[in-house]
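The structure appears below as structure tokens.
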Amino acid sequence: MPILTLVMVIAMFLFWFLPYRSVLSYHEQFQLFVTTFDYFREAVMLPGGLSNYLAEALTQFYIMPITGALIISLLLLLLQLIIHAIAKRLYGTIPTNSYLLSYVPLLLLWLYLGDVNVMLSYPIALISLLCVAWAYTFICNKNHRLIASVLIAMTSYWLLGTVAYAFCLFALLFEMKSKSGASHLVVMVATQSVAIVAMVFFSSNIVNYPIDRLLNGLFYYRIPTVVPIVQYLLMVVVVIVPFLYSVSIVKWVGFALKEIVAVGIFVFCSATLIILGVRFFYDGRQYELIDYDCLVRTNNWNGILQKATARQPELPMSVCATNLALGMTDQLCEKAFQYYQNGEEGLLPPFRREPNSLLITAEAYYQLGLVNTAQRFYFEAMEAIPNCSKSGRCIRRIAETNIINGQYDVALKYLRILEKTLFYKRWAQQTMQLMDDETSIDNHPFYGRIRRSLLTNDLLFSEQEVDKLLGQLIIQNPDNKLAMQYMLIHPLLSRDIDKFMQYFAVLQKRKSFIPPICQQGILFACMQRSIPIPQNLVDNKETEKLRRFATIMSTEGKESPKLNEYKNTLWYYLLVGNIK
């Protein structure tokens, strides 16, 4: 089956490298792996800490999608290989087609990893546990196995976590296969149970975790209060599958069917399982938010617009990312209504204690020049990570906001943390050198631009007064194009035409800026007030377009299909509703 194995590995790699690569960034940004001995010591002092340490060490490579996809693919392949190796130890020569059974846990784990809260420590713990189980089969004396099983259960619980339960099941099944006797099985179950319970209570006395967390594991799932039943089902499956190689029907399938038929049946069942599993485990709305967040993180504004054009954004944060991308490419007051809008919250959403949402909003504030607010959002995003990890992405941005503010001592504290990482180290060292020269920061293409947009006086503001804050930014720096676009579009999204006209009049005194949507707003205001249309501000084509729109509305109503031609206009948004 080498060809099938190769096909599976390539399929897994392409799956994580292409459509789901943003999930790799999602996992990487919500941890901070520090390459110090103290960090290692603190990690292994917790039950399951070694598997979590190894997982974090590998997860840091997710910053490069190609390595992240390769790591996941190889781990899943290793799971399949060790299961087959255990089966060979159990039964020696086995039917060729029975090899297909070893792919079942691989497929199930692949689907389970579609839940973005499943940590890499879980497959690492499973694989490590199976390697120990494989070694366990080499112990010939049943009394020696009894002693070894107790020691393995205790040490695997401490190093790998609650996958130790799976080893207890494996040892029991192995003794049953070896026909060790009922009394021996009873003694083994009793001693292993006592050993696990003792380890749990021992752990509760030396670490600050409740009993239920220690019983369910600390590092397998990002949300501490949630323990998916699939987590335990997979433990049972990976243990039972090697023993199923002896089932008579499997032997019959292996010998009676031709290999190509068996493989065909397997591929069909696998495809069906994947399709059903993707619908169950892969939350489309959650993945949409993760995709947008990944694009915002890399400042891939054109990528965001391409994604929004291919499929209209639905979530508030997706709308926020789309509007930010439009603003960063100077298209917000030209193409805003070509995309779904959810009101003024689509520009700067209110505070919501959820990491991904906070990160997108923080980036919008950061690009506008509201550095202190961005700093607060990045800090809150890091503190909102469910498993209380730190974030390399957030720490980097917090360091940058302090540099822009001139708070170099605070920035240095964060940079020294990043200096102890693998992939942020070089950037941290270069930034430290940059801080030695104030002029180099002022002339920096990014830090200098943001610094020129800073408000001279820091202030508190209400989320209902964002438009006033944008006005302050423009007064401070009339060249802040992003703030200008946000200020003009803000009242239009909230359907406040009077406020739009006030802001437009003020901005016109500072800088001439009359994009298409602003022209549509002026025309609408003139229509409402029954005043002449200023010819020097509005293009004749926009005027004629409004007249045709108004005629259709007055004669056929807003349900008229003829209005679809005007879906991308401000008037459609104000009078008909949002685009669908």
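Because the structure is predicted, anything quoted here is derived from the model rather than measured.
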What are the two closest non-hydrogen atoms of [X] and [Y], and how far apart are they?
{"X": "G346", "Y": "N323", "result": "O-ND2, 3.0 Å"}
{"X": "Y39", "Y": "V34", "result": "CD2-O, 3.4 Å"}
{"X": "P105", "Y": "L234", "result": "O-CD2, 4.3 Å"}
{"X": "Q375", "Y": "I398", "result": "NE2-O, 4.2 Å"}
{"X": "A125", "Y": "L160", "result": "CB-O, 3.6 Å"}
{"X": "A148", "Y": "I139", "result": "CB-CD1, 3.6 Å"}

Could you state the interatomic distance from [atom1] ([X]) to [atom2] ([Y]), rounded to the nearest 0.5 Å?
{"X": "L169", "Y": "M235", "atom1": "CG", "atom2": "CE", "value": "11.0 Å"}
{"X": "L146", "Y": "T191", "atom1": "CG", "atom2": "OG1", "value": "5.0 Å"}
{"X": "L159", "Y": "I152", "atom1": "CG", "atom2": "CD1", "value": "11.5 Å"}
{"X": "T5", "Y": "Q80", "atom1": "OG1", "atom2": "CD", "value": "5.0 Å"}
{"X": "S121", "Y": "R222", "atom1": "OG", "atom2": "CZ", "value": "9.5 Å"}
{"X": "N356", "Y": "L358", "atom1": "CG", "atom2": "CG", "value": "9.0 Å"}

If you count the non-hydrogen atoms of other residues, nucleotides and ligands that lie under 6.0 Å from [atom1] in [X], is the total more than 12?
{"X": "F379", "atom1": "CZ", "answer": "no"}
{"X": "L74", "atom1": "CG", "answer": "yes"}
{"X": "F202", "atom1": "CZ", "answer": "no"}
{"X": "F201", "atom1": "CZ", "answer": "no"}
{"X": "K425", "atom1": "NZ", "answer": "no"}
{"X": "N205", "atom1": "CG", "answer": "yes"}
{"X": "M64", "atom1": "CE", "answer": "yes"}

Non-hydrogen side-chain atoms of [X] and [Y] separated by less than 4.5 Å:
{"X": "F219", "Y": "N387", "result": "no"}
{"X": "L113", "Y": "W16", "result": "yes"}
{"X": "T35", "Y": "T421", "result": "no"}
{"X": "L120", "Y": "P123", "result": "yes"}
{"X": "L418", "Y": "T431", "result": "no"}
{"X": "S318", "Y": "Y340", "result": "no"}
{"X": "I360", "Y": "L289", "result": "yes"}
{"X": "I304", "Y": "V296", "result": "yes"}

Donor-acceptor pair, side chain of [X] and main chain of [Y], under 3.5 angstrom:
{"X": "Y91", "Y": "F243", "value": "yes"}
{"X": "Y287", "Y": "G114", "value": "yes"}
{"X": "Q192", "Y": "V150", "value": "no"}
{"X": "T67", "Y": "F61", "value": "yes"}
{"X": "Y62", "Y": "Y26", "value": "no"}
{"X": "S357", "Y": "R353", "value": "no"}
{"X": "R21", "Y": "P65", "value": "no"}
{"X": "K142", "Y": "H184", "value": "no"}

_side chain to side chain donor-acceptor pair (under 3.5 Å) evaluation trace for E363 with Y378_ = CA-CA 9 Å; E363 189 66 23; Y378 275 113; 2.4 Å; yes
Taking NZ, NE, NH1 and NH2 as the nitrogens, is one of them in [X] or [Y] under 4.0 Å from a carboxylate oxygen of the other?
{"X": "R297", "Y": "E28", "answer": "yes"}
{"X": "E380", "Y": "R352", "answer": "no"}
{"X": "E175", "Y": "R145", "answer": "yes"}
{"X": "E400", "Y": "R397", "answer": "yes"}
{"X": "R393", "Y": "D293", "answer": "yes"}

*Are Q29 and S391 linked by a side-chain donor-acceptor pair shorter than 3.5 Å?*
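No, no side-chain donor-acceptor contact under 3.5 Å.
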*Does one side chain, of Y220 or S51, offer a donor that lies under 3.5 Å from an acceptor on the other?*
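There is no such pair (donor and acceptor under 3.5 Å, judged by atom type) between the side chains of Y220 and S51.
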Over 60° means perpendicular and under 30° means parallel, so classify the ring planes of [Y] and [X], tilted if in between.
{"X": "W134", "Y": "F138", "result": "perpendicular"}
{"X": "F170", "Y": "Y136", "result": "perpendicular"}
{"X": "Y165", "Y": "Y157", "result": "parallel"}

*Is there a side-chain contact (heavy atoms from CB on, under 4.5 Å) between M432 and R416 once you walk through the steps?*
CA-CA 9 Å; M432 286 180 187; R416 284 174 176 164; 3.8 Å; yes
*asked:* Would L106 and I83 count as a side-chain contact (heavy atoms from CB on, under 4.5 Å) here? Give the steps.
replied: CA-CA 10 Å; L106 178 152; I83 287 175; over 6 Å; no
Check whether NZ of the Lys or CZ of the Arg [X] lies under 6.0 Å from the centre of the six-membered ring of [Y] and within 45 degrees of that ring's axis.
{"X": "K420", "Y": "F33", "value": "no"}
{"X": "K307", "Y": "Y292", "value": "yes"}
{"X": "R396", "Y": "W427", "value": "yes"}

*F15 and S73: CA distance, side-chain angles, deciding distance, side-chain contact (heavy atoms from CB on, under 4.5 Å) verdict*: CA-CA 9 Å; F15 179 86; S73 303; over 6 Å; no
*Could you walk me through whether V227 and Y232 pass the side-chain contact (heavy atoms from CB on, under 4.5 Å) check?*
CA-CA 9 Å; V227 184; Y232 289 108; 3.5 Å; yes
_Could you check whether F351 and F377 have their ring centres less than 6.0 Å apart?_
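So the answer is yes for these two rings.
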*asked:* Check for me whether the distance between the ring centres of Y112 and Y122 falls short of 6.0 Å.
replied: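 Yes: the rings meet the under 6.0 Å criterion.
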_Verdict with reasoning, Y221 to N216, per side chain to side chain donor-acceptor pair (under 3.5 Å)_ = CA-CA 10 Å; Y221 204 73; N216 292 318; over 6 Å; no
